Amino acid sequence: MTLPVEALIYVVIFVAVLLLVEGIYLVAFGKSISLNSRVNRRLDMIDKGVGREEVLEQLRKEMQQHMKTQSIPLYSLLADKAQKAAIAFSPKQLIMIMILVSGLAFMALSVATATDTVLRAALSGAIGIGAVYAWVNNKAKKRMGLIEEQLPDAVELMVRSLRVGNPFVSSVQIVASEVEDPLATEFGVISDEVAYGRDVGEALKDMAERLDMQDLRFLAVAVSIQQQSGGNLAEILAGLAKVIRARFRLFRRVKAITAEAQWSGKFLSGFPLACLVFILVKDPNYYEDVMNEPYFIPACFFVGIMLTLNIIVMKILTNIKV
């Protein structure tokens with residue numbers, strides 16, 4: 001009965017660490033930075049009296065600081081996700097938070113379990129690093145999902161603005177002030193950069209590469225071509241908006257079609273673990289006769305690796321690019 005109880009303690013500590021990281025983030029940077037808030041963060045900072053230049057500098061720092069750390073071997077796995085999520089924590093702060101929550105997890109494991117010190121230290125490190133990675137990955141997925149949903153409406157708003165005679169830069173400013181975050185702040189940064197002399201096509205291209213989003217690349221290419229060779233930008237963007245919406249609908253349809261296969265893979269990987277927990281709860285001494293066998297631990301690792309490979313392979317098979 002000891003193993004299932006300790007496993008439950010590990011899960012509780014992991015969830016507590018996730019909530020702690022989120023709490024630290026909101027306390028450090030305020031509720032407006034949360035993805036649950038619909039407040040346009042850039043305009044909120046300006047309304048509080050912060051200068052436009054200072055706001056631009058702060059937002060650019062947050063958006064680009066993780067790009068410079070992708071050469072660090074271990075942190076590079078986290079840097080791409082943190083860049084897409086526009087995490088305001090600097091790389092040094094994220095590493096310090098990993099160390100802090102790992103220390104807290106070690107203390108919690110010391111109080112709640114009787115695990116060996118070496119194993120406890122390894123588990124606490126895995127919990128700290130894994131929790132921060134899971135938190136950043138979740139933030140990145142949510143933010144990118146919101147941007148993908150907002151982009152067609154933003155492009156159509158620019159089309160309407162262009163058709164009434166506004167220049168493209170003014171259309172970008174309208175998007176920055178009318179739509180919700182996170183896309184509003186992204187376009188607000190472009191608007192401010194253009195106001196200080198940067199080329200709008202280059203700014204859009206930089207945003208598309210930073211977010212690694214194909215639809216934004218299409219937008220940047222369309223604007224760059226129109227700048228060089230001319231043409232009706234409103235019609236081009238209207239067509240682009242239709243393409244983005246069609247791709248989005250197709251992606252949702254593909255996701256619905258492959259949902260059964262995805263859940264089948266998760267079920268097939270989770271069912272053996274659920275059976276293991278059920279067996280240990282019903283009969284804690286079920287594996288006592290074979291625990292001392294030399295092949296028992298290697299067999300456990302082999303089963304764990306195969307279950308993990310099953311999840312990865314199923315995800316690859318059902319991850320259809322649209």
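Computed from a predicted model, the values in this text were never measured in an experiment.
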Value rounded to 0.5 Å, distance of [atom1] in [X] from [atom2] in [Y]:
X	Y	atom1	atom2	answer
Leu157	Ile174	CG	CD1	6.5 Å
Phe218	Arg247	CZ	CZ	5.5 Å
Thr185	Asp192	OG1	CG	10.5 Å
Glu180	Gln150	CD	CD	6.5 Å
Ile97	Ile129	CD1	CD1	13.5 Å
Leu162	Leu237	CG	CG	6.0 Å

Determine the minimum heavy-atom distance between [X] and [Y], stating which atoms define it.
X	Y	answer
Val159	Ala238	CG2-N, 3.5 Å
Arg210	Gln83	O-NE2, 2.6 Å
Met144	Leu211	CE-O, 3.0 Å
Ser124	Phe106	CB-N, 3.5 Å
Ala220	Gly201	CB-O, 4.5 Å
Ala241	Pro152	CB-O, 4.3 Å

Between Met207 and Phe187, is the side chain to side chain contact (heavy atoms under 4.5 Å, CB included) condition met? List the steps.
CA-CA 9 Å; Met207 180 177 70; Phe187 273 84; 4.2 Å; yes

Return each pair, listed once, that meets salt bridge (charged side-chain N to carboxylate O under 4.0 Å, His left out) where at least one residue sits in residues 156-174; pairs must be two or more places apart or across chains.
Glu156-Arg245

With side-chain hydrogen bond (donor to acceptor under 3.5 Å, both in side chains) as the criterion, how do Ser171 and Asn166 come out once you've worked through the C-alpha distance, each side chain's angles and the decisive distance to 0.1 Å?
CA-CA 7 Å; Ser171 302; Asn166 291 325; 5.5 Å; no

Path from [X] to [Y] over hydrophobic side-chain contacts below 4.5 Å:
X	Y	answer
Ile190	Val169	yes
Ile236	Leu240	no
Val221	Val194	no
Ile225	Leu219	no
Leu309	Phe302	yes

Going through the distances and angles, do Met98 and Gln93 end up as a side chain to side chain contact (heavy atoms under 4.5 Å, CB included)?
CA-CA 9 Å; Met98 286 182 185; Gln93 288 173 332; over 6 Å; no

Check against salt bridge (charged side-chain N to carboxylate O under 4.0 Å, His left out), Arg143 and Glu148:
CA-CA 9 Å; Arg143 189 169 186 270; Glu148 287 177 350; over 6 Å; no

Determine whether Glu193 and Val200 make a side-chain contact, defined as any pair of heavy atoms from C-beta on separated by less than 4.5 Å.
no

Using atom types as modelled and distance alone, determine if a side-chain donor or acceptor of Gln173 lies under 3.5 Å from a backbone N or O of Gly188.
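Not confirmed, Gln173 side chain does not pair with Gly188 backbone.
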
Are Leu204 and Leu216 close enough, and set up right, to give a side chain to side chain contact (heavy atoms under 4.5 Å, CB included), and what steps lead you there?
CA-CA 7 Å; Leu204 285 169; Leu216 285 175; 5.8 Å; no

In sequence, state the C-alpha distance, the side-chain angles, and the governing distance for Lys84 and Lys139, and then conclude on side chain to side chain contact (heavy atoms under 4.5 Å, CB included).
CA-CA 9 Å; Lys84 292 179 180 179; Lys139 288 280 187 184; over 6 Å; no

Evaluation steps, salt bridge (charged side-chain N to carboxylate O under 4.0 Å, His left out), between Arg252 and Glu149
CA-CA 11 Å; Arg252 287 292 179 88; Glu149 290 183 6; 3.1 Å; yes

